[in-house]
Amino acid sequence: MTGKAKPKKHTAKEIALKIDAATTNRGGGKAGQADRSGVEKGGHAKLECPHCKITAPDLKSMQIHHDARHPKIPFDESKLNNLHASNSGAAAPEPNKPKPGVRGSFKK
């Protein structure tokens, strides 16, 4: 039984979670802004809604968005803007560029 004056120690699980949170790129902030915008190929924003300009990674997600946000307008796959196809003249993405959601940090 610990006394009141004795400080509590952090568990190994708690420390591991803190390290994981600090070193994993979750895709937020400026690091994931380009990925969310779909400007560079390899990003998660592949399709753009023609009505509200929101982006989605695949056709199924866009269809779910369309059914929820635009129920009165019929879903037409041909009207979607493919952001990856529109940047066909752009250079290929760097292979060493860190992707959002990939574990790792720059503090090594």
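Residues take their numbers from the sequence shown, with the count starting at 1. Note that the structure is predicted; figures quoted are calculated from it, not measured.
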For the residue pair Lys53 and Pro50, what are the closest heavy atoms and their distance?
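Lys53 and Pro50 have their closest heavy atoms at NZ-O, 4.1 Å.
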Please report the shortest heavy-atom distance between Pro71 and Ala68, naming the atom on each side.
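Looking at all heavy atoms of both residues, the shortest contact is CD-O, 4.1 Å.
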Given a cutoff of under 4.5 Å between side-chain heavy atoms of I, L, V, M, F, W and Y, with clusters grown through shared members, what are the other residues clustered with Leu80?
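Taking Ile, Leu, Val, Met, Phe, Trp and Tyr as members, Leu80 shares its hydrophobic cluster with Leu47, Leu59, Met62, Phe75.
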Hey, what else clusters with Ile54 if you join Ile, Leu, Val, Met, Phe, Trp, Tyr whenever side-chain heavy atoms sit under 4.5 Å?
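Its cluster mates, by chain and number: none.
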Sequence-distant partners of Glu77, side-chain hydrogen bond (donor to acceptor under 3.5 Å, both in side chains), two or more places apart:
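With neighbours one apart ignored, the set is empty.
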side-chain hydrogen bond (donor to acceptor under 3.5 Å, both in side chains) with His70: which residues, sequence neighbours excluded?
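Residues passing side-chain hydrogen bond (donor to acceptor under 3.5 Å, both in side chains) with His70: His65.
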For the atom pair CD (Glu48) and CG (Asn82), what is the distance rounded to the nearest 0.5 Å?
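If I round to the nearest 0.5 Å, the distance is 10.5 Å.
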Please step through side-chain contact (heavy atoms from CB on, under 4.5 Å) for the pair Arg69 and His51, ending with a clear verdict.
CA-CA 10 Å; Arg69 300 292 177 194; His51 309 293; over 6 Å; no
Could I get the full list of side chain to side chain contact (heavy atoms under 4.5 Å, CB included) partners for Asp76, not counting sequence neighbours?
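Applying side chain to side chain contact (heavy atoms under 4.5 Å, CB included) to Asp76 gives Ser78, Lys79.
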Results of side chain to side chain contact (heavy atoms under 4.5 Å, CB included) for Pro57 - residues two or more places apart only:
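Checked Pro57 against side chain to side chain contact (heavy atoms under 4.5 Å, CB included); matches are Ser61.
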Which is it for Lys46 and Thr55 under the side-chain contact (heavy atoms from CB on, under 4.5 Å) test, yes or no, and what are the steps along the way?
CA-CA 7 Å; Lys46 182 178 179 185; Thr55 56; over 6 Å; no
